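Structure first, commentary second.
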Amino acid sequence: DYKSTIEDLSRDNIELVNLEFNTALSDFGTAEYNNSIVFASARGGGKKYRWNEQPFLDLYSVEKVGDTSFGTVKAIKGKVNTKFHESSVAYSPNGEFMYFTRNNYYNSKYKEDEGGTNRLKLYRATLNDYGSWDKIHSIHFNGEDYSVAHPTISLDGKRLYFASDMPGTIGRSDIFVVDINADGSLATPKNLGPSINTEAQESFPFVNSDGDLYFASNGLPGLGGLDIFVSKKLDEKLSSGAANFKFRNLGKPINSRSDDFSYYENLTSKQVYFSSNREGGKGSDDIYSFIKTEYVQNVTVRVKDKET
(Lines give C-alpha, C1' and ligand atoms only; values in the text may rest on other atoms or scores of the structure.)
Protein backbone atom coordinates (compact mmCIF):
# COMPACT_ATOMS: atom_id res chain seq x y z
CA ASP A 1 0.00 0.00 0.00
CA TYR A 2 2.99 2.35 -0.17
CA LYS A 3 1.65 4.27 -3.18
CA SER A 4 -1.61 5.11 -1.44
CA THR A 5 0.35 6.04 1.69
CA ILE A 6 2.50 8.44 -0.32
CA GLU A 7 -0.64 9.92 -1.89
CA ASP A 8 -1.98 10.58 1.61
CA LEU A 9 1.28 12.34 2.50
CA SER A 10 1.29 14.44 -0.67
CA ARG A 11 0.37 18.13 -0.60
CA ASP A 12 -1.59 20.11 -3.15
CA ASN A 13 -0.85 23.51 -1.57
CA ILE A 14 2.86 23.58 -2.46
CA GLU A 15 3.92 25.76 -5.39
CA LEU A 16 7.39 24.83 -6.59
CA VAL A 17 9.62 27.49 -8.12
CA ASN A 18 12.51 26.60 -10.39
CA LEU A 19 15.04 29.19 -9.21
CA GLU A 20 16.11 31.85 -11.68
CA PHE A 21 19.84 31.14 -11.43
CA ASN A 22 19.57 27.50 -12.59
CA THR A 23 21.36 26.75 -15.85
CA ALA A 24 21.20 24.10 -18.57
CA LEU A 25 24.01 22.36 -16.67
CA SER A 26 23.92 20.75 -13.23
CA ASP A 27 22.96 22.99 -10.28
CA PHE A 28 22.19 21.37 -6.94
CA GLY A 29 22.65 21.36 -3.18
CA THR A 30 21.88 24.40 -1.04
CA ALA A 31 22.93 25.92 2.25
CA GLU A 32 22.24 29.42 3.56
CA TYR A 33 25.08 31.64 4.75
CA ASN A 34 24.90 35.37 5.55
CA ASN A 35 21.73 36.02 3.52
CA SER A 36 23.16 34.10 0.59
CA ILE A 37 22.69 30.65 -0.86
CA VAL A 38 25.73 28.45 -1.47
CA PHE A 39 25.33 25.68 -4.05
CA ALA A 40 27.25 23.47 -6.48
CA SER A 41 27.21 24.11 -10.22
CA ALA A 42 28.92 23.00 -13.42
CA ARG A 43 28.57 26.49 -14.97
CA GLY A 44 32.25 27.32 -14.63
CA GLY A 45 33.43 25.82 -17.91
CA GLY A 46 36.85 24.24 -18.28
CA LYS A 47 37.71 20.56 -18.20
CA LYS A 48 34.74 18.20 -18.60
CA TYR A 49 33.85 15.28 -16.35
CA ARG A 50 33.85 12.10 -18.44
CA TRP A 51 30.73 10.59 -16.81
CA ASN A 52 28.31 13.32 -17.92
CA GLU A 53 30.36 15.49 -20.30
CA GLN A 54 29.76 18.55 -18.11
CA PRO A 55 32.42 20.79 -16.55
CA PHE A 56 33.57 19.85 -13.05
CA LEU A 57 31.49 21.26 -10.18
CA ASP A 58 32.48 24.32 -8.17
CA LEU A 59 30.84 26.07 -5.24
CA TYR A 60 29.02 29.33 -5.86
CA SER A 61 27.22 31.92 -3.76
CA VAL A 62 24.27 34.14 -4.66
CA GLU A 63 22.72 36.82 -2.46
CA LYS A 64 19.01 36.58 -1.65
CA VAL A 65 16.96 39.60 -2.72
CA GLY A 66 13.55 38.07 -2.04
CA ASP A 67 12.02 34.62 -1.57
CA THR A 68 12.71 33.69 -5.18
CA SER A 69 14.84 36.61 -6.43
CA PHE A 70 18.62 36.70 -6.29
CA GLY A 71 21.64 38.79 -7.15
CA THR A 72 24.65 37.84 -9.23
CA VAL A 73 26.09 34.34 -8.90
CA LYS A 74 29.74 34.35 -7.87
CA ALA A 75 32.29 31.64 -7.10
CA ILE A 76 32.92 31.52 -3.35
CA LYS A 77 36.04 33.27 -2.19
CA GLY A 78 39.16 31.43 -1.12
CA LYS A 79 40.98 28.19 -1.82
CA VAL A 80 38.03 25.79 -1.85
CA ASN A 81 37.35 25.47 -5.59
CA THR A 82 39.81 23.44 -7.67
CA LYS A 83 39.86 21.88 -11.14
CA PHE A 84 37.95 18.88 -9.72
CA HIS A 85 34.52 18.52 -8.05
CA GLU A 86 33.40 20.53 -5.01
CA SER A 87 29.86 20.38 -3.61
CA SER A 88 27.60 20.06 -0.53
CA VAL A 89 28.57 22.49 2.22
CA ALA A 90 27.70 22.84 5.90
CA TYR A 91 28.65 25.63 8.29
CA SER A 92 29.51 25.53 11.98
CA PRO A 93 27.04 27.49 14.15
CA ASN A 94 29.56 30.30 14.69
CA GLY A 95 30.24 30.56 10.94
CA GLU A 96 33.96 30.03 11.45
CA PHE A 97 34.23 26.68 9.68
CA MET A 98 32.83 25.30 6.45
CA TYR A 99 32.72 21.57 5.73
CA PHE A 100 32.47 20.60 2.08
CA THR A 101 32.78 17.70 -0.35
CA ARG A 102 35.62 17.42 -2.86
CA ASN A 103 37.27 14.76 -4.98
CA ASN A 104 40.32 13.08 -3.45
CA TYR A 105 42.54 16.02 -4.34
CA TYR A 106 44.54 17.50 -1.49
CA ASN A 107 47.75 19.51 -1.40
CA SER A 108 47.80 19.39 -5.23
CA LYS A 109 47.82 15.57 -5.20
CA TYR A 110 45.15 13.61 -7.10
CA LYS A 111 44.64 10.02 -5.91
CA GLU A 112 42.59 7.05 -7.13
CA ASP A 113 41.69 3.75 -5.52
CA GLU A 114 42.94 0.38 -6.78
CA GLY A 115 40.13 0.26 -9.34
CA GLY A 116 41.07 3.62 -10.83
CA THR A 117 38.21 5.58 -9.23
CA ASN A 118 38.78 8.94 -7.63
CA ARG A 119 36.69 8.99 -4.45
CA LEU A 120 35.03 11.84 -2.57
CA LYS A 121 36.32 13.26 0.69
CA LEU A 122 35.21 15.71 3.36
CA TYR A 123 37.26 18.81 4.00
CA ARG A 124 37.07 21.69 6.47
CA ALA A 125 37.90 25.29 5.57
CA THR A 126 38.40 28.22 7.94
CA LEU A 127 37.08 31.75 7.39
CA ASN A 128 39.93 34.27 7.37
CA ASP A 129 39.88 37.98 8.26
CA TYR A 130 39.23 38.92 4.63
CA GLY A 131 36.03 36.90 4.26
CA SER A 132 37.65 34.09 2.25
CA TRP A 133 37.96 30.40 3.00
CA ASP A 134 41.44 28.90 3.43
CA LYS A 135 43.41 26.50 5.68
CA ILE A 136 41.84 23.50 3.93
CA HIS A 137 41.96 20.47 6.21
CA SER A 138 41.21 16.84 5.26
CA ILE A 139 38.93 15.06 7.77
CA HIS A 140 40.75 12.28 9.60
CA PHE A 141 38.35 9.45 8.68
CA ASN A 142 38.59 10.03 4.92
CA GLY A 143 39.86 7.02 2.98
CA GLU A 144 41.46 6.21 -0.36
CA ASP A 145 39.07 3.37 -1.24
CA TYR A 146 35.69 4.79 -0.15
CA SER A 147 33.82 8.09 -0.34
CA VAL A 148 32.78 10.52 2.40
CA ALA A 149 30.43 13.32 1.36
CA HIS A 150 27.46 15.66 1.96
CA PRO A 151 27.92 17.09 5.48
CA THR A 152 25.27 18.64 7.73
CA ILE A 153 25.66 19.90 11.30
CA SER A 154 23.19 19.85 14.20
CA LEU A 155 21.94 23.17 15.58
CA ASP A 156 24.07 22.90 18.73
CA GLY A 157 27.16 22.14 16.65
CA LYS A 158 27.82 18.87 18.48
CA ARG A 159 27.18 16.36 15.68
CA LEU A 160 28.07 16.15 12.00
CA TYR A 161 26.07 13.86 9.72
CA PHE A 162 27.35 12.67 6.35
CA ALA A 163 26.99 9.97 3.68
CA SER A 164 29.61 7.30 3.01
CA ASP A 165 30.32 3.79 1.80
CA MET A 166 33.13 3.33 4.33
CA PRO A 167 33.63 -0.02 6.10
CA GLY A 168 30.55 -0.78 8.20
CA THR A 169 28.16 0.44 5.51
CA ILE A 170 24.97 -1.62 5.17
CA GLY A 171 24.30 -0.81 1.50
CA ARG A 172 25.78 1.20 -1.37
CA SER A 173 25.84 4.35 0.75
CA ASP A 174 24.74 4.98 4.34
CA ILE A 175 24.22 7.96 6.60
CA PHE A 176 26.71 8.27 9.46
CA VAL A 177 27.06 10.63 12.41
CA VAL A 178 30.17 11.77 14.26
CA ASP A 179 30.52 13.84 17.44
CA ILE A 180 32.24 17.21 17.16
CA ASN A 181 34.50 17.64 20.18
CA ALA A 182 34.80 20.89 22.14
CA ASP A 183 38.13 21.64 20.44
CA GLY A 184 36.56 21.22 16.98
CA SER A 185 38.09 17.80 16.28
CA LEU A 186 35.90 14.92 15.15
CA ALA A 187 35.42 11.65 17.04
CA THR A 188 34.80 8.20 15.50
CA PRO A 189 31.89 7.97 13.01
CA LYS A 190 28.88 5.77 13.76
CA ASN A 191 26.42 4.26 11.29
CA LEU A 192 22.81 5.36 11.95
CA GLY A 193 21.79 1.72 11.59
CA PRO A 194 19.19 -0.33 9.70
CA SER A 195 16.17 1.71 10.79
CA ILE A 196 17.41 4.46 8.41
CA ASN A 197 19.93 2.80 6.09
CA THR A 198 19.07 0.10 3.54
CA GLU A 199 20.96 -2.19 1.17
CA ALA A 200 20.67 0.56 -1.46
CA GLN A 201 21.70 4.22 -1.30
CA GLU A 202 20.99 6.76 1.45
CA SER A 203 22.61 10.14 0.96
CA PHE A 204 22.33 13.95 1.19
CA PRO A 205 21.41 14.22 4.89
CA PHE A 206 20.19 17.52 6.35
CA VAL A 207 19.34 18.29 9.99
CA ASN A 208 17.08 21.29 10.57
CA SER A 209 16.92 23.49 13.67
CA ASP A 210 14.32 21.18 15.24
CA GLY A 211 16.62 18.18 14.92
CA ASP A 212 14.63 16.54 12.11
CA LEU A 213 16.76 14.50 9.71
CA TYR A 214 15.93 14.78 6.00
CA PHE A 215 17.68 12.40 3.61
CA ALA A 216 17.44 10.93 0.12
CA SER A 217 17.04 7.21 -0.53
CA ASN A 218 16.40 4.84 -3.40
CA GLY A 219 16.11 1.84 -1.09
CA LEU A 220 12.84 2.81 0.60
CA PRO A 221 9.34 2.78 -0.98
CA GLY A 222 9.06 5.86 -3.16
CA LEU A 223 7.92 7.31 -6.46
CA GLY A 224 11.12 6.51 -8.37
CA GLY A 225 14.83 7.31 -8.28
CA LEU A 226 15.88 9.07 -5.10
CA ASP A 227 13.03 10.20 -2.85
CA ILE A 228 13.31 12.55 0.13
CA PHE A 229 12.33 11.24 3.58
CA VAL A 230 12.20 12.77 7.06
CA SER A 231 12.80 11.29 10.50
CA LYS A 232 11.37 13.69 13.09
CA LYS A 233 13.51 14.67 16.10
CA LEU A 234 16.19 12.13 15.14
CA ASP A 235 19.04 14.31 16.43
CA GLU A 236 17.34 14.69 19.82
CA LYS A 237 16.55 10.98 20.02
CA LEU A 238 20.10 10.07 19.02
CA SER A 239 21.60 12.28 21.73
CA SER A 240 19.34 10.48 24.23
CA GLY A 241 20.75 7.10 23.20
CA ALA A 242 18.02 5.90 20.80
CA ALA A 243 19.00 3.55 17.98
CA ASN A 244 15.69 2.99 16.17
CA PHE A 245 14.00 5.76 14.22
CA LYS A 246 10.78 6.21 12.28
CA PHE A 247 10.59 8.09 9.00
CA ARG A 248 8.13 9.02 6.28
CA ASN A 249 8.17 9.91 2.60
CA LEU A 250 7.58 13.63 1.90
CA GLY A 251 5.18 12.80 -0.94
CA LYS A 252 4.39 14.86 -4.01
CA PRO A 253 5.22 17.41 -5.37
CA ILE A 254 8.57 17.35 -3.54
CA ASN A 255 9.17 13.79 -4.68
CA SER A 256 8.70 12.68 -8.28
CA ARG A 257 9.54 9.81 -10.62
CA SER A 258 13.04 11.27 -10.98
CA ASP A 259 15.86 11.88 -8.47
CA ASP A 260 14.87 14.27 -5.67
CA PHE A 261 17.52 15.07 -3.10
CA SER A 262 19.49 17.67 -1.12
CA TYR A 263 16.63 19.05 1.00
CA TYR A 264 17.32 22.21 3.03
CA GLU A 265 14.93 24.37 5.04
CA ASN A 266 15.01 27.49 7.19
CA LEU A 267 12.28 27.15 9.83
CA THR A 268 12.40 30.88 10.62
CA SER A 269 11.77 32.12 7.08
CA LYS A 270 9.85 28.93 6.12
CA GLN A 271 11.95 28.77 2.94
CA VAL A 272 12.65 25.28 1.57
CA TYR A 273 15.13 24.26 -1.14
CA PHE A 274 15.70 20.89 -2.75
CA SER A 275 17.26 19.55 -5.95
CA SER A 276 15.80 17.39 -8.69
CA ASN A 277 16.46 16.20 -12.24
CA ARG A 278 12.73 15.94 -13.01
CA GLU A 279 11.21 16.71 -16.38
CA GLY A 280 10.46 20.35 -17.14
CA GLY A 281 13.61 21.73 -15.53
CA LYS A 282 16.32 23.88 -17.06
CA GLY A 283 19.13 21.34 -16.81
CA SER A 284 20.22 17.93 -15.61
CA ASP A 285 19.81 18.98 -11.95
CA ASP A 286 17.93 22.09 -10.85
CA ILE A 287 17.27 23.75 -7.50
CA TYR A 288 13.62 24.22 -6.56
CA SER A 289 12.10 26.26 -3.75
CA PHE A 290 8.81 26.81 -1.95
CA ILE A 291 7.43 28.41 1.20
CA LYS A 292 6.58 25.90 3.91
CA THR A 293 3.04 26.35 5.21
CA GLU A 294 1.25 24.51 7.96
CA TYR A 295 -1.17 21.86 6.79
CA VAL A 296 -4.64 22.57 8.20
CA GLN A 297 -7.49 20.07 8.22
CA ASN A 298 -10.91 21.13 9.46
CA VAL A 299 -12.71 18.59 11.63
CA THR A 300 -16.38 18.79 12.64
CA VAL A 301 -17.16 17.03 15.91
CA ARG A 302 -20.57 16.23 17.45
CA VAL A 303 -20.38 15.89 21.23
CA LYS A 304 -22.93 13.75 23.05
CA ASP A 305 -23.48 13.12 26.74
CA LYS A 306 -23.26 9.41 27.55
CA GLU A 307 -26.11 9.51 30.08
CA THR A 308 -28.61 11.89 28.45
Side-chain angles (χ1 to χ4, degrees), residues 1-14 88 90 149-166 168-180 189-257 259-268 270 272-276 290 292-297 299:
D1 295 331
Y2 78 91
K3 288 187 177 180
S4 60
T5 300
I6 293 175
E7 285 293 336
D8 292 339
L9 294 169
S10 298
R11 303 274 294 275
D12 57 10
N13 64 335
I14 292 178
S88 303
H150 312 312
T152 182
I153 298 175
S154 61
L155 178 65
D156 59 10
K158 293 183 178 180
R159 285 165 297 282
L160 183 146
Y161 296 79
F162 62 93
S164 179
D165 60 345
M166 64 172 55
T169 300
I170 297 171
R172 290 178 53 204
S173 172
D174 284 2
I175 298 174
F176 290 77
V177 62
V178 60
D179 290 335
I180 302 176
K190 299 177 181 178
N191 191 302
L192 281 189
S195 64
I196 293 291
N197 295 313
T198 70
E199 63 185 9
Q201 181 181 6
E202 281 68 47
S203 192
F204 295 97
F206 167 71
V207 177
N208 70 8
S209 55
D210 280 350
D212 305 330
L213 173 70
Y214 291 84
F215 63 99
S217 173
N218 58 12
L220 298 170
L223 298 175
L226 291 169
D227 270 23
I228 301 172
F229 297 80
V230 61
S231 181
K232 292 288 188 178
K233 304 292 184 181
L234 181 140
D235 187 65
E236 178 182 325
K237 295 173 184 176
L238 184 72
S239 63
S240 300
N244 294 301
F245 312 101
K246 296 181 179 180
F247 57 85
R248 63 175 175 83
N249 189 298
L250 292 191
K252 297 183 291 188
I254 298 173
N255 288 321
S256 68
R257 292 182 297 175
D259 287 329
D260 308 291
F261 58 99
S262 195
Y263 184 97
Y264 181 97
E265 68 179 11
N266 183 323
L267 291 182
T268 300
K270 305 298 183 182
V272 176
Y273 305 95
F274 71 95
S275 304
S276 178
F290 66 93
K292 190 172 187 177
T293 57
E294 297 299 326
Y295 184 75
V296 178
Q297 183 175 19
V299 180

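Just so you know, these numbers come straight off a predicted model, no measurement behind them.
Side chains of R248 and V230 form a contact here, defined as non-hydrogen atoms less than 4.5 Å apart. The side-chain heavy atoms of L192 and D174, taken from C-beta on, include no pair separated by under 4.5 Å. Looking at N197 and F176, their side chains never come closer than 4.5 Å, going by heavy atoms from C-beta outward. Here the side chains of P151 and S88 are in contact, with some heavy-atom distance below 4.5 Å. Side-chain contact check for P253 versus F290: every heavy-atom pair is 4.5 Å or farther apart.
For S262, there are no side-chain hydrogen bond (donor to acceptor under 3.5 Å, both in side chains) partners two or more places apart in sequence or in a different chain. Here D260 pairs with S256, S276, R278 under the side-chain hydrogen bond (donor to acceptor under 3.5 Å, both in side chains) rule; sequence neighbours left out. Under the side-chain hydrogen bond (donor to acceptor under 3.5 Å, both in side chains) criterion, E265 pairs with N208, Y214, Y263, K292, not counting sequence neighbours. Residues satisfying the side-chain hydrogen bond (donor to acceptor under 3.5 Å, both in side chains) test with N249, not counting sequence neighbours, are D227, N255. Under the salt bridge (charged side-chain N to carboxylate O under 4.0 Å, His left out) criterion, D259 pairs with no residue, sequence neighbours left out.
Atom CG of D156 sits about 11.5 Å away from atom OG of S209, to the nearest 0.5 Å. Between the CD1 atom in I175 and the OG atom in S164 there is a gap of 11.5 Å [rounded to 0.5 Å]. Distance check, rounded to the nearest 0.5 Å: CD of E202 to CG of L226 gives 9.0 Å. The OG atom of S239 sits 10.0 Å away from the CG atom of D179 when rounded to the nearest 0.5 Å.
Residue pairs meeting the salt bridge (charged side-chain N to carboxylate O under 4.0 Å, His left out) criterion with at least one partner in residues 230-240, sequence neighbours excluded, are R159-D235, D212-K232.
F204 pairs in a ring pair (Phe, Tyr, Trp, His ring centres under 6.0 Å) with only one of the listed residues (F215, Y161, F261), which is F261. Of the options T198, N191, D165, a side chain to side chain contact (heavy atoms under 4.5 Å, CB included) to I170 is made by N191 and by none of the others.
Contact detail for S203 and H150: the closest heavy-atom pair is OG-CD2, 3.1 Å. The shortest non-hydrogen separation linking I254 to F274 is O-CE1, 3.4 Å. The shortest non-hydrogen separation linking S217 to L220 is OG-N, 3.4 Å. Closest approach of I6 to G222, counting heavy atoms only: CD1-CA, 3.8 Å. Taking both residues in full, the closest heavy atoms of P205 and L213 are given as CB-CD1, 3.9 Å, listed atom of the first, atom of the second, then distance. A pairwise comparison of heavy atoms in R172 and T169 identifies C-CG2, 4.4 Å as the closest pair.
Side chain of S195 to backbone of F245: a donor-acceptor contact under 3.5 angstrom is found. For S10 (side chain) and K252 (main-chain N/O), a donor-acceptor pair under 3.5 Å exists by modelled atom type.
Around atom CG of N244, no more than 12 heavy atoms belonging to other residues, nucleotides or ligands sit under 6.0 Å away.
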Under the side-chain contact (heavy atoms from CB on, under 4.5 Å) rule, what do V272 and I14 come out as? Steps first, then yes or no, please. CA-CA 11 Å; V272 176; I14 292 178; over 6 Å; no
